[in-house]
*Asks:* 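This is the structure I want to talk about, given as structure tokens.
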Amino acid sequence: MPHYWLMKSEPDCFSIQDLEAAPCKTSMWDGVRNYQARNFLRDQMQIGDGILFYHSNVKEPAIVGTARVTSRPYPDPTAFDPSSEHFDPKSSLRNPRWFVVNVQHVLTFPSPLTRDFLKTHPVLCTMDVLKKGSRLSVLPVTEAQWKAIEMLCCADG
DNA sequence: GCCAACGTTGGC
DNA sequence: GCCAACGTTGGC
């Protein structure tokens, strides 16, 4: 059974347009450096899982599209790279601390589902990403929430 | 740019 | 293992 996730990215750093422009529209989701988010990613993500792509730290934070998980979790290579800003000397090949999955672009919404809009929606207002103080970059999404978004996108198109 | 919320660090 | 200090996140 597939799971659904919301994954945050600052578009100045990596946007859904960047993902769509990547080779095979696929990119490694690296740089997760929070244990709770890491655990979701490492322990629960499966190939085929659905992803809501969320743009954070911008004027209008929003879910801007969807993607899917296309690999199993594997150790984050940026953690081993001293030249990477995500380098972590405590992560080793033998005992990796941080993980990634590959994600492939599926859809960019014609109009993003803004945070303000999500708050007004009877189902989507329950999303974890709206909770005060929510800082995890990887968050679980319920099937009901996913379905609600699927329906909105059909209505949109 | 402000600041509340949260996670991490490190002295004790 | 407590907790104060500090750094980061991210909405506003």
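Sequence lines set the chain letters: A, B, ... in the order given, protein chains first and strands last, and positions in each chain run from 1.
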*Asks:* Between Tyr54(A) and dG11(C), is there a contact of a side-chain N or O with OP1 or OP2 at under 4.0 Å?
*Replies:* yes
*Asks:* Please state how far atom CG in Leu130(A) lies from atom P in dA5(B), giving the value in whole angstrom units.
*Replies:* 17 Å
*Asks:* Write down the distance between CG (Asp12(A)) and P (dT9(C)), rounded to a whole number of angstrom.
*Replies:* 14 Å
*Asks:* Check whether any side-chain N or O of Arg115(A) sits under 4.0 Å from OP1 or OP2 of dC12(C), and answer yes or no.
*Replies:* yes
*Asks:* Using whole Å, what does the distance between atom P of nucleotide dC3(B) and atom CG of Asn57(A) come to?
*Replies:* 17 Å
*Asks:* Round to the nearest Å and state the distance from Lys131(A) atom NZ to dG10(C) atom P.
*Replies:* 16 Å
*Asks:* Ignoring the backbone of Pro61(A), work out which of dG10(C), dG11(C), dC12(C) is nearest its side chain.
*Replies:* dG11(C)
*Asks:* Quickly work out the Glu60(A) CD to dG10(C) P distance and round it to whole Å.
*Replies:* 18 Å
*Asks:* Work out which heavy atom in Phe80(A) is nearest to a heavy atom in Pro96(A); give both atom names and the distance.
*Replies:* CZ-CB, 4.1 Å
*Asks:* For Arg135(A) and Lys90(A), take the nucleotide of DNA chain B holding the closest heavy atom to each; which residue's nucleotide lies nearer the 5' end?
*Replies:* Arg135(A)
*Asks:* Within this structure, what is the NE2-to-C1' distance between His55(A) and dG10(C), rounded to whole angstrom?
*Replies:* 15 Å
*Asks:* If the plane angle is over 60° it's perpendicular, under 30° parallel, otherwise tilted; pick one for Trp146(A) and Tyr4(A).
*Replies:* parallel
*Asks:* Would you mind reading off the distance between Asn34(A) atom CG and dG10(C) atom C1', rounded to a whole angstrom?
*Replies:* 14 Å
*Asks:* Counting only side-chain N and O atoms of Lys8(A), is one of them less than 4.0 Å from OP1 or OP2 of dT9(C)?
*Replies:* no
*Asks:* For dC12(C) and Lys119(A) - does any side-chain N or O of the residue sit under 4.0 Å from the phosphate oxygens OP1/OP2?
*Replies:* yes
*Asks:* Among the candidates dG7(B), dG11(C), dA5(B), find the nucleotide nearest to the side-chain atoms of Lys132(A).
*Replies:* dA5(B)
*Asks:* For Tyr35(A) and Trp98(A), I'd like to know if the aromatic rings sit close, meaning centre-to-centre distance below 6.0 Å.
*Replies:* yes
*Asks:* For Tyr35(A) and dG7(B), what is the distance between atoms OH and P respectively, to the nearest whole Å?
*Replies:* 13 Å
*Asks:* Side-chain heavy atoms under 4.5 angstrom apart, residues restricted to Ile, Leu, Val, Met, Phe, Trp, Tyr: same cluster for Val106(A) and Val138(A)?
*Replies:* yes
*Asks:* Which atom pair, heavy atoms only, marks the closest approach of Ile149(A) to Ile63(A)?
*Replies:* CD1-CD1, 3.8 Å
